[in-house]
Amino acid sequence: MRLLVCGGAGFIGSTFARQRLREHGDEVTVLDKLTYAGREENFHDFAEDPRFRFVRGGIEDPAAVAEAIQAGSPEAIVNFAAETHVDRSIAEPDAFVTTHALGTYVLLEAAREHELRYLQVSTDEVYGSIEQGTFTEESPLCPSSPYSATKTGADLLVQSYFHTYGLPAVICRGSNNYGPYQYPEKLIPLMILNALHGDLLPVYGDGMQVRNWIHCSDFARAIGQVLESGAAGEVYNAGGPDEEANMTVVERIIELTGASESQIEYVKDRPGHDRRYSLSSEKVRALGWEPRVRFQEGLEETVAWYRENAWWWEPIRSGDYRAYYERQYGRALS
Ligand code: NAD
Ligand code: TYD
């Protein structure tokens with residue numbers, strides 16, 4: 001297949017691009033704005049593949065989208081492009097509205113004009129928090145943060161293009177991802193790098209919030225499966241095989257890195273913090289997908305990857321991320 005992968009310079013988008021090039025023989029054109037989270041380093045091992053192209057630009061810019069479509073002549077658009085960090089959405093929501101609302105609209109218009117299949121990558125956070133049980137695709141949408149609210153708006157716009165114009169659009173909603181190439185503002189890479197550097201491990205609130213962890217390679221395969229065989233107009237949830245409390249994740253990272261318990265610091269809770277996420281994946285399993293990576297082994301491999309790939313994270317930790325970290329946590333990194 002010829003694919004336009006928007007946001008393909010980020011964590012999951014680059015995982016998906018690599019998987020489609022290597023395992024499916026697809027042609028991949030990435031359109032990415034290269035925000036702080038998008039990095040050409042994420043293509044380092046496939047940048048020279050003749051079936052790969054990169055166009056720099058925002059999805060909210062119709063000229064950039066037209067250029068990428070012209071360059072790659074895609075059969076489908078897969079949209080990963082997003083602002084993805086809840087804490088940043090609380091501090092500065094502007095870019096979340098632009099990218100999720102306007103950007104998704106521009107891509108949908110392009111898909112309509114060129115008669116392309118469209119897949120929107122979405123999140124379990126659109127359902128809000130659930131104390132017990134698990135969300136299905138029929139659960140009501142109840143987002144709590146500017147991040148999840150704008151992602152929900154994008155999902156609704158995608159569904160309107162199916163209902164109104166018959167656009168063959170599908171949505172795939174994932175639970176919390178982890179794995180190589182994840183920007184260290186997110187829980188797991190932040191804790192791994194802080195643990196390795198002897199920095200404090202900042203746990204929000206009581207640390208008993210629960211997340212449903214999925215390895216990025218499993219989520220990327222679920223997206224591929226939905227792209228290939230999902231029914232137009234439908235939503236598919238892809239949740240990971242394991243749920244863990246944040247404190248359990250931090251304890252496990254301390255064990256794997258040889259850090260000290262004394263590095264744990266309870267910090268002020270995130271405003272509006274969702275307590276628990278949990279997704280039922282029956283519908284995507286019926287298409288033939290299942291997760292392959294259990295959390296224990298996936299976390300061990302992820303810690304090993306960060307240990308071995310300082311070339312990837314050193315420029316981040318010594319760059320703008322330091323200022324972000326100081327604003328967010330009120331202290332400097334070592
Ligand atoms: P990421 O922050 O690592 O990457 C986002 C990418 O989008 C970056 O390359 C960035 O440069 C690009 N981008 C941002 N705004 C853009 C714009 N206006 N135009 C073009 N490119 C733009 O994010 P990620 O964790 O890889 O998430 C990818 C997608 O998966 C997002 O849609 C996110 O909502 C969804 N998702 C993420 C998770 C998770 O745990 N990370 C879970 C479920 C769903
Ligand atoms: P995060 O990785 O930001 O993902 P999301 O908010 O999308 O679930 O956070 C995962 C969990 O970890 C969430 O409950 C917030 C918590 N957390 C901390 O306790 N400390 C931190 O420094 C960060 C970034 C997150």
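Just follow the structure's listing: the first ligand is 1, and inside any ligand the first atom is 1. As the structure is a computational prediction, the values presented were derived from the model and not from experiment.
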Counting only nitrogen or oxygen atoms and a 3.5 angstrom limit, does Glu185 reach ligand 1? no
Could a heavy atom of Phe80 be found less than 4.0 Å from some atom of ligand 1? yes
Within 4.0 Å of some non-hydrogen atom of Ala81, the atoms of ligand 1 are 7 (O), 20 (C), 21 (N), 22 (C)
Take the angle between the ring planes of Tyr329 and Tyr204 and call it parallel below 30°, perpendicular above 60°, tilted in between. parallel
Which protein non-hydrogen atom lies closest to atom 5 (C) of ligand 1, naming both residue and atom, and how far is it? Ala82 O, 3.5 Å
For the CD atom of Glu41 and the OG atom of Ser14, what is their distance to the nearest 0.5 Å? 11.0 Å
Is it the case that more than 12 heavy atoms not belonging to Glu92 sit under 6.0 Å from its CD atom? no
Side chain, backbone, both or neither: which part of Asn79 comes within less than 4.0 Å of ligand 1 when only heavy atoms are counted? neither
Where's the contact between Lys151 and ligand 1, heavy-atom distance under 4.0 Å: side chain, backbone, both or neither? side chain
Report the member of Ser175, Ser122, Gly174 with the shortest heavy-atom distance to atom 44 (C) of ligand 1. Ser122
For Arg275, is there an ion pair with Asp206 - N to carboxylate O distance below 4.0 angstrom? yes
Starting from atom 10 (C) of ligand 1, what is the nearest protein heavy atom, named by residue and atom, and what distance separates them? Thr35 OG1, 3.3 Å
Show me the pairs that pass side-chain hydrogen bond (donor to acceptor under 3.5 Å, both in side chains) and involve residues 282-295, at least two apart or across chains. Glu234-Lys283, Asp242-Arg294
Non-neighbouring partners of Tyr324 that pass side-chain hydrogen bond (donor to acceptor under 3.5 Å, both in side chains), sequence neighbours left out: His85
Tell me the nearest of Tyr147, Phe16, Phe11 to atom 3 (O) of ligand 1, using heavy-atom distances. Phe11
Nearest 0.5 Å please: distance from the CG atom of Leu4 over to the NE2 atom of His114. 10.0 Å
Carboxylate-amine/guanidinium proximity below 4.0 Å for Arg2 and Asp26: no
Counting only heavy atoms not in Tyr105 (residues, nucleotides, ligands), do more than 12 fall under 6.0 Å from its OH? no
Describe, in one word, how the ring planes of Phe43 and Phe46 are oriented to each other, choosing from parallel (under 30°), tilted (30 to 60°) and perpendicular (over 60°). tilted
Around atom 4 (O) of ligand 1, find the nearest protein heavy atom and jot down its residue, atom name and distance. Gly10 CA, 3.4 Å
What are the atoms of ligand 1, with element, lying closer than 4.0 Å to any heavy atom of Leu34? 11 (O)
Can you tell me which portion of Arg39 lies within the under-4.0 Å heavy-atom range of ligand 1? Options are side chain, backbone, both, or neither. neither
With atoms numbered from 1 as shown, which atoms in ligand 1 lie under 4.0 angstrom from a non-hydrogen atom of Gly58? 19 (N), 20 (C)
Run down the list Val126, Ile12, Thr123 and name the one with the heavy atom closest to atom 38 (C) of ligand 1. Ile12
Does some non-hydrogen atom of Gly57 fall short of 4.0 Å from ligand 1? yes
Atom 19 (N) of ligand 1: closest protein heavy atom, distance to 0.1 Å, is Ile59 N, 2.9 Å
So which protein heavy atom does atom 30 (O) of ligand 1 come closest to, and at what separation? Val121 CG1, 3.4 Å
What protein heavy atom sits nearest atom 9 (O) of ligand 1, and how far off is it? Asp32 OD2, 2.6 Å
If you define the side chain from C-beta out and look only at heavy atoms, does anything of Phe135 sit under 4.5 Å from Ser129? no
Ligand 1 to Glu60, heavy atom cutoff 4.0 Å, flagged ligand atoms 17 (C), 18 (N), 19 (N)
To the nearest 0.1 Å, how far is atom 21 (N) of ligand 1 from its closest protein heavy atom, and which atom is that? Lys33 N, 3.2 Å
CZ of Phe295 to CZ of Arg252, rounded to nearest 0.5 Å, is 9.0 Å
So do the side chains of Val158 and Thr104 get within less than 4.5 Å of each other, counting heavy atoms only? yes
Tell me whether Glu244 is salt-bridged to Arg211, with the criterion being a basic N under 4.0 Å from an acidic carboxylate O. no
Please check whether Thr84 reaches ligand 1 - meaning an N/O of the residue sits under 3.5 Å from an N/O of the ligand, judged on distance alone. yes
For atom 40 (O) of ligand 1, grab the closest protein heavy atom and report residue, atom and distance to one decimal in Å. Asn177 N, 2.9 Å
Heavy-atom distance under 4.5 Å between the side chains of Asp274 and Gln209, does that happen here? no
Salt bridge check, Asp155 against Arg173: does any charged N sit closer than 4.0 Å to a carboxylate O? yes
Applying ring pair (Phe, Tyr, Trp, His ring centres under 6.0 Å), name anything that partners Tyr118, two or more places apart in sequence or on another chain. none
Taking a 3.5 Å cut-off between nitrogen or oxygen atoms, can you list every pair linking ligand 2 to the protein, with distances?
unit_1: ligand 2; atom_1: 2 (O); unit_2: Leu187; atom_2: N; d: 2.9
unit_1: ligand 2; atom_1: 3 (O); unit_2: Arg270; atom_2: NH2; d: 3.0
unit_1: ligand 2; atom_1: 4 (O); unit_2: Asn176; atom_2: ND2; d: 3.4
unit_1: ligand 2; atom_1: 6 (O); unit_2: Arg270; atom_2: NH1; d: 2.5
unit_1: ligand 2; atom_1: 6 (O); unit_2: Arg270; atom_2: NH2; d: 3.4
unit_1: ligand 2; atom_1: 7 (O); unit_2: Glu125; atom_2: OE2; d: 2.5
unit_1: ligand 2; atom_1: 8 (O); unit_2: Asn176; atom_2: ND2; d: 2.9
unit_1: ligand 2; atom_1: 8 (O); unit_2: Arg211; atom_2: NE; d: 2.7
unit_1: ligand 2; atom_1: 12 (O); unit_2: Asn246; atom_2: ND2; d: 3.3
unit_1: ligand 2; atom_1: 14 (O); unit_2: Arg211; atom_2: NH2; d: 3.1
unit_1: ligand 2; atom_1: 14 (O); unit_2: Asn246; atom_2: ND2; d: 2.9
unit_1: ligand 2; atom_1: 14 (O); unit_2: His273; atom_2: NE2; d: 2.7
unit_1: ligand 2; atom_1: 19 (O); unit_2: Tyr204; atom_2: N; d: 2.9
unit_1: ligand 2; atom_1: 20 (N); unit_2: Pro202; atom_2: O; d: 2.8
unit_1: ligand 2; atom_1: 22 (O); unit_2: Pro202; atom_2: O; d: 3.3
unit_1: ligand 2; atom_1: 22 (O); unit_2: Tyr329; atom_2: OH; d: 2.6

